[in-house]
Amino acid sequence: MDLPDTYRAMARIRRFEERLMALKESGEIPGSIHLCNGQEAIPVGACGVLREDDYVSATYRGHGWAIARGVGLAALFAEMMGRDSPISGGRAASPYLSDASRNFIGENSIVGAGVPIAAGAALTAKHRGHGAVSVVSIGDGAMNQGNVHEALNLAAVLDLPMVLVVENNVYSEMSRIEDMVRVHRLSERAAGYGIPGTVVDGNDVDAVTAAMAQAVGRAREGSGPSLVEAMTERLVGHYSGDAQQYRPAGEVAAAKEREPLARIRQAADAELTARLDTIEAEIAAEIDAAVTAARAIPFPDPATVTEHVHA
Amino acid sequence: MSVLTYREAIKQAQADALAADPTVFLLGEDIAAAGGAFKVTDGLMDAFGSDRVMDTPISEQAIIGAAIGAALKGARPVAELMFADFAGVCFDQIANQLAKYRYMTAGQVSVPVTIRLANGAGQGFGSQHSQSVENWFLNVPGLKIVAPGSVEDAYGLLRSSIADDDPVLFFEHKAMYNVKADVPPELVPIPLGRAHVVRSGDDVTIVASQAMRRRAEEAADKLSAQGIAAEVIDPRTILPFDYESVAASVTRTNRLVVVQESSAAGSWGATLVARMAAECFESLDLAPVLISAPDTPVPYAGALEAAWIPGVDDICTAVLAMDRY
């Protein structure tokens, strides 16, 4: 993707999240939402190097991954509005999004629990030998979960085609990650599994793309899993109602100078700025249309509450 | 007829499933090179290769998670938990991931995972290796729970479990691995969700599974000598439970005794008693009886463990007490 395209992909996620928060505040989204404002370069950079038949898993802060993977915006809005969406029919909502048609295994609301599952998808890919790779994103806090440890070791010993992306936004939910670990970089732990670990500026979409191209390429050729730690910052709270009193004054304002979209804007000349403005206008129209389409989808029929428990 | 053990039947079911369906594979701790802690997969790696019969690290969360992920992408994994108690280590993967995935995706994907778990007391394994833990999962919609109590059922129900598109917890009673039985030369799948009337009788209905089913059969022999004809029903599948078969029996016998190798609270036995009390109230001569283990962990010492597990005499005593009415 060239620069206007990556900007468009990231702006689509940002404006989606902003609209979602507005819909939350106006009462149209009943449940809790965990937004990824500021972290858009990571899913966009990662998904940019993937094939259609690769597998993607994310956390409850995974709207960006769903969108970068090509899940329809109207379906996502409808699902979170509690409507009978074409993806999960109102049974999933914000933290459990999935779309089998996009090979988006989905989000997970249990911290770290998606990693063993992603390893299993990688196992199927390895058995089939068609070169598909399983990419799974977690947050920094998930590195302290046992399920991640078990899955990383399993992936390592079986040489599974898996890439673990650790989106380090500095906060383990509402506590600083530096207070929760004794390593300087979470990627240092990769050595403990005998796999490569790298750190990348997660607000630089080109840097993410380069790191992911290397890790995904390695997995695709059968050389096993890698860990990519992408440093980033959350521009919003842990969840939609988070007052963020634990964040020092000025931290978010400073982060807004470093976030992926601002960074592109800061370096843009007049011509590029005009193109970006046009893209923003197009994204705004795309978001408006998606919300309108979502609102046209009915709420689920209460009589269907018992459907889909069993095959 | 040929003679087969419970262990051999389970191994044969896995071998036949591996041979019949290339998407089936086995994973678990020490199941491949070592042939399993209870030798239930002995020889299968040699027959089918290490890609289809895989050893894993001692990582129950990774085992079940990997089975889920593999199933989502078209495989039909059979994961072994060496002792059923270890389900506690991976409870999240079973209860929050495996059971809910299909519902949360509105049926986009099925998750045909079979988990084999070695259940049960009676061999001095102590508190963390002796439990029958099927009751832990009764309140987790999305799962099926199978607990075979005979050699033929072990084969037939495991074939059906592996072929089923839903997740199945398949509990094997480890005190039964050496049980032998005459079986037909051609074993066949047995449908899930159907109880089996092991022994017919008109005086009392005794419902019991696995090791308790065997004790119920012994009790029925003893009661028969005293002129009481007990009907013994093995539910075989705990979820979905075949309430209809039990109700039909109780309607005839008017008396119900349920025996289970676990504590009473929150159990399938308690649920069955409550349900029959509600649905068959008019048929019951007196209150149904639930015979279960005491509210303690499973003890180690032989004398304590024997006291903990419901026994043949407990069953006979309960039935004879009913008979006084």
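To find a chain, count down the sequence lines: A is the first, B the second, and so on, and within it residues start at 1. Because the structure is predicted, anything quoted here is derived from the model rather than measured.
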Subject >> Interchain contact, B:Ile64 with chain A, by part (heavy-atom threshold 4.5 Å) >> reply: neither
Original post:
How far apart are the closest heavy atoms of B:Asp166 and A:Ala311, and which atoms are they?
Top reply: OD1-N, 2.7 Å
**OP:** Determine the option with the most heavy-atom pairs under 4.5 angstrom with chain B, choosing from A:Ser98, A:Ser57, A:Ala155.
**Re:** A:Ser98
**OP:** With a 4.5 angstrom heavy-atom cut-off, could you sort out which part of A:Ala100 is near chain B: side chain, backbone, both or neither?
**Re:** both
Original post:
Under a 4.5 Å cut-off applied to non-hydrogen side-chain atoms, are B:Pro57 and A:Glu150 in contact?
Top reply: no
Subject >> Which of A:Ala151, A:Ala113, A:Gly106, A:Ala125 touches chain B most, by non-hydrogen pairs under 4.5 Å >> reply: A:Ala113
Original post:
Among A:His149, A:Arg128, A:Lys126, A:Glu79, which residue forms the greatest number of heavy-atom pairs with chain B at distances under 4.5 Å?
Top reply: A:Arg128
**OP:** Please name the pair of heavy atoms, one in A:Ile105 and one in B:Lys73, separated by the smallest distance, quoted to 0.1 Å.
**Re:** CG1-CE, 3.8 Å
Original post:
Checking heavy atoms, do the side chain of A:Leu123, its backbone, both or neither come under 4.5 Å from chain B?
Top reply: side chain
Original post:
By a 4.5 Å heavy-atom criterion (distance strictly below it), what part of A:His310 contacts chain B: side chain, backbone, both, or neither?
Top reply: both
Subject >> Residue, of B:Lys100, B:Met54, B:Arg52, that accumulates the most heavy atom pairs under 4.5 Å with chain A >> reply: B:Met54
Subject >> Interchain contact, A:Val305 with chain B, by part (heavy-atom threshold 4.5 Å) >> reply: both
Subject >> Heavy-atom closest contact (B:Met104 atom, A:Tyr96 atom, distance) >> reply: SD-CD2, 3.6 Å
**OP:** Name the member of A:Asn153, A:Leu97, A:Asn108, A:Val157 that forms the most heavy-atom pairs with chain B at distances under 4.5 Å.
**Re:** A:Asn108
Subject >> Side chain, backbone, both or neither of B:Asp51 within contact of chain A (heavy atoms, under 4.5 Å) >> reply: both
**OP:** Decide side chain to side chain contact (heavy atoms under 4.5 Å, CB included) for A:Ile110 and B:Gln93; before the verdict, give the C-alpha distance in whole Å, the side-chain angles of both, and the deciding distance to 0.1 Å.
**Re:** CA-CA 9 Å; A:Ile110 304 295; B:Gln93 287 292 335; over 6 Å; no
Original post:
Who wins among B:Asp92, B:Ile68, B:Thr56 for the most heavy-atom pairs under 4.5 Å with chain A?
Top reply: B:Asp92
**OP:** Heavy atoms only: give me the nearest B:Pro141-A:Val309 pair and the separation to one decimal.
**Re:** C-CG1, 4.2 Å
**OP:** For A:Glu221, look at atom CD and say whether over 12 heavy atoms of other residues, nucleotides or ligands are found less than 6.0 Å away.
**Re:** yes
**OP:** Sort B:Ser110 into side chain, backbone, both or neither according to what part of it lies under 4.5 angstrom from a heavy atom of chain A.
**Re:** side chain
